[in-house]
Amino acid sequence: MVVGGSVFLALVLVAVAAPIIAHTDLYLMRPQDALSPPSQQHWFGTDEFGRDLLTRVVHGARLSLSVGLVAVAIACGIGVGTGLVSGYYGGLLDLGLMRLVDLMLAFPGILLALAIVAILGPGLTNAMIAVGITGIPSYARVIRGAVLQAKAFLYVEAARAVGVPAPVILIRHLLPNVAAPIIVLSTLNMAAAILTAASLSFLGLGAQPPQPEWGALLNAGRNWLQRAWWLTTFPGLAIMVTVLAINTLGDGLRDVLDPRLRR
């Protein structure tokens with residue numbers, strides 16, 4: 001957890017300080033330097049337009065991490081609300097909401113995201129929305145199960161007995177007690193969201209040129225694989241390190257926050 005958290009924190013700092021770390025103009029083209037290999041002047045080399053690849057990868061961290069944060073916020077907000085309401089009220093409402101969740105789970109995540117982007121149109125914002133929607137079912141399922149267990153506790157029965165309104169019970173009593181799975185799931189889903197968004201951009205449905213999102217950089221470099229290996233290697237490494245760090249952090253948080261895994 002410490003290692004994953006440290007790497008992720010370093011990536012966040014790189015994204016925040018991108019203008020300082022990579023002070024070269026993000027869109028400056030130098031045709032005379034096109035497809036230059038890594039060197040002291042250009043650590044990651046240059047692309048087919050002579051743009052510094054290090055600058056674009058560093059600035060791409062902002063876009064990729066933003067996609068993960070926004071997608072997780074959408075999925076968490078809607079999914080947690082759905083799980084709380086479904087688990088607490090039960091009955092026909094629970095049945096209807098869970099069947100809708102089952103319908104979303106019937107489609108692979110990337111296929112559902114492709115369908116949503118096809119409806120909304122290509123673009124980074126629409127990709128964020130699509131990735132966020134695909135993450136809703138996992139939150140709804142996990143939070144519903146936690147609420148079904150938590151609402152049987154005595155403190156919930158006591159709150160009902162004294163006439164506490166249901167919305168207050170959901171927000172003040174149940175939500176804090178199911179926070180641990182929300183934190184763990186949000187961490188793991190952020191890695192999946194970054195990977196899915198990069199996949200959409202690679203297919204040309206997410207970030208559009210000249211935006212330096214990591215998946216879009218991979219898409220731009222795939223035509224030069226035999227001549228300029230650095231165009232795909234460094235964005236690919238950035239995605240791999242980020243997803244690995246977030247997954248490691250999520251696994252560590254799960255071990256810490258889940259009492260069943262404590263020795």
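Remember, predicted model here, so these are calculated numbers, not experimental data. Below, each value reflects all heavy atoms present in this structure, side chains not excepted, and no hydrogens, waters or symmetry copies. For reference, positions follow the sequence shown, starting with 1.
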task: State, yes or no, whether a side-chain contact exists between Arg62 and Pro19 at a heavy-atom distance under 4.5 Å.
output: yes
- line: Output for pair (Leu28 CG, Thr55 OG1), nearest 0.5 Å, gives 9.5 Å
- prompt: Is there a path of hydrophobic side-chain contacts, each under 4.5 Å between heavy atoms of I, L, V, M, F, W or Y residues, that connects Val72 with Leu175?
  reply: yes
query: Going by heavy atoms in the side chains, are Ile239 and Pro235 under 4.5 Å from each other?
result: no
- request: Evaluate whether atom CG of Leu103 has more than 12 neighbouring non-hydrogen atoms of other residues, nucleotides or ligands under 6.0 angstrom away.
  value: yes
Inter-residue atom distance Leu114.CG - Leu200.CG, 0.5 Å rounding: 5.5 Å
- request: Only pairs at least two apart or in different chains count here, so list each side chain to side chain donor-acceptor pair (under 3.5 Å) that has a residue in residues 204-227.
  value: Ser64-Glu213, Ser201-Glu213, Asn219-Arg222
field: Residue pairs involving residues 32-47 (criterion side chain to side chain donor-acceptor pair (under 3.5 Å); sequence neighbours excluded)
entry: His42-Asp52, Asp47-Arg51
- prompt: Taking all non-hydrogen atoms of both residues, which atom of Leu217 and which atom of Pro212 are closest, and how far apart?
  reply: CD1-O, 3.7 Å
query: What pair of heavy atoms forms the shortest contact from Gly206 to Ala127, and how long is it?
result: CA-CB, 4.0 Å
Closest non-hydrogen atom pair, Val67 against Ala193: CG1-O, 4.4 Å
- request: Might you point out which heavy atoms bring Ala150 and Leu174 nearest each other, and give the distance in Å?
  value: CB-CD2, 3.8 Å
Derivation and outcome, side chain to side chain contact (heavy atoms under 4.5 Å, CB included), residues Val101 and Met104: CA-CA 5 Å; Val101 169; Met104 296 177 67; 5.5 Å; no
- prompt: What side chain to side chain donor-acceptor pair (under 3.5 Å) pairs are there with at least one residue in residues 99-115, not counting sequence neighbours?
  reply: Arg99-Asp102, Asp102-Arg141
message: So which atom in Gly121 and which in Asn126 form the shortest heavy-atom distance, rounded to 0.1 Å?
response: O-ND2, 2.8 Å
- prompt: Can you list the residues that meet the side chain to side chain donor-acceptor pair (under 3.5 Å) rule with Ser186, with sequence neighbours excluded?
  reply: Tyr139
Value rounded to 0.5 Å, distance of CD1 in Ile194 from CG in Leu63: 11.5 Å
task: Show your working on side chain to side chain contact (heavy atoms under 4.5 Å, CB included) between Val14 and Val58 and close with a plain yes or no.
output: CA-CA 7 Å; Val14 167; Val58 169; 3.9 Å; yes
task: Check for a donor-acceptor pair, side chain of Lys151 on one end and backbone N or O of Gly87 on the other, with a separation under 3.5 Å.
output: yes
message: Rounded to the nearest 0.5 Å, what separates atom CG in Leu93 from atom OG1 in Thr82?
response: 9.5 Å
Side chain proximity check, Leu231 to Leu35, heavy atoms < 4.5 angstrom: yes
field: Evaluation steps, side chain to side chain contact (heavy atoms under 4.5 Å, CB included), between Ser138 and Leu185
entry: CA-CA 8 Å; Ser138 58; Leu185 194 58; 4.3 Å; yes
message: Just verifying a value: how many Å separate Ile183 CD1 and Leu249 CG, rounded to the nearest 0.5 Å?
response: 11.0 Å
- prompt: Any chain of hydrophobic side-chain contacts (each under 4.5 Å) joining Val80 to Val147?
  reply: yes
message: Restricting to side-chain contact (heavy atoms from CB on, under 4.5 Å), what partner residues turn up for Val184, sequence neighbours left out?
response: Leu188, Leu253, Arg254, Leu257
Minimum side-chain heavy-atom gap Phe8-Leu65 below 4.5 Å: yes
query: To which residues is Met29 joined in a hydrophobic cluster, defined by side-chain heavy-atom contacts under 4.5 Å among Ile, Leu, Val, Met, Phe, Trp and Tyr, whether direct or through other members?
result: Phe49
- request: Identify, with sequence neighbours excluded, every residue that meets side chain to side chain donor-acceptor pair (under 3.5 Å) alongside Arg144.
  value: Asp94
task: Mind running side chain to side chain contact (heavy atoms under 4.5 Å, CB included) on Met1 and Val256 for me, showing each step along the way?
output: CA-CA 9 Å; Met1 182 181 67; Val256 171; 4.1 Å; yes
query: Side chains of Phe234 and Leu218: does their closest heavy-atom pair fall under 4.5 Å?
result: no
- request: Go through the structure and list residues passing side chain to side chain donor-acceptor pair (under 3.5 Å) with Ser199, not counting sequence neighbours.
  value: none
query: Between Val178 and Ala146, what is the shortest heavy-atom contact and its length?
result: CG1-CB, 3.5 Å
Residues that, via side-chain heavy atoms closer than 4.5 angstrom, fall in one hydrophobic cluster with Ile20: none
message: Can you confirm whether Thr187 sits close enough to Ile246 that some side-chain heavy atom of one is under 4.5 Å from a side-chain heavy atom of the other?
response: yes
Shared hydrophobic cluster, Val12 / Leu237 (ILVMFWY, side-chain heavy atoms < 4.5 Å): no
- request: Could you list who else is in Tyr27's hydrophobic cluster, with ILVMFWY side chains joined at under 4.5 Å, directly or through other members?
  value: Leu26
field: Common cluster, Ile171/Ile143, ILVMFWY with side-chain heavy-atom separation under 4.5 Å
entry: no
Side chain to side chain donor-acceptor pair (under 3.5 Å): pairs with one or both residues in residues 229-242, sequence neighbours excluded: none
statement: Rounded to the nearest 0.5 Å, the CD1 atom of Ile182 sits from the CG atom of Asn189 at a distance of 12.0 Å
- prompt: Arg172: what forms a salt bridge (charged side-chain N to carboxylate O under 4.0 Å, His left out) with it, not counting sequence neighbours?
  reply: none
- request: State yes or no: do Leu205 and Ile110 share one hydrophobic cluster built from I, L, V, M, F, W and Y residues joined by side-chain heavy-atom distances below 4.5 Å, directly or via other members?
  value: yes
Check: Thr134 side chain, Val131 main-chain N or O, donor-acceptor pair, under 3.5 Å: yes
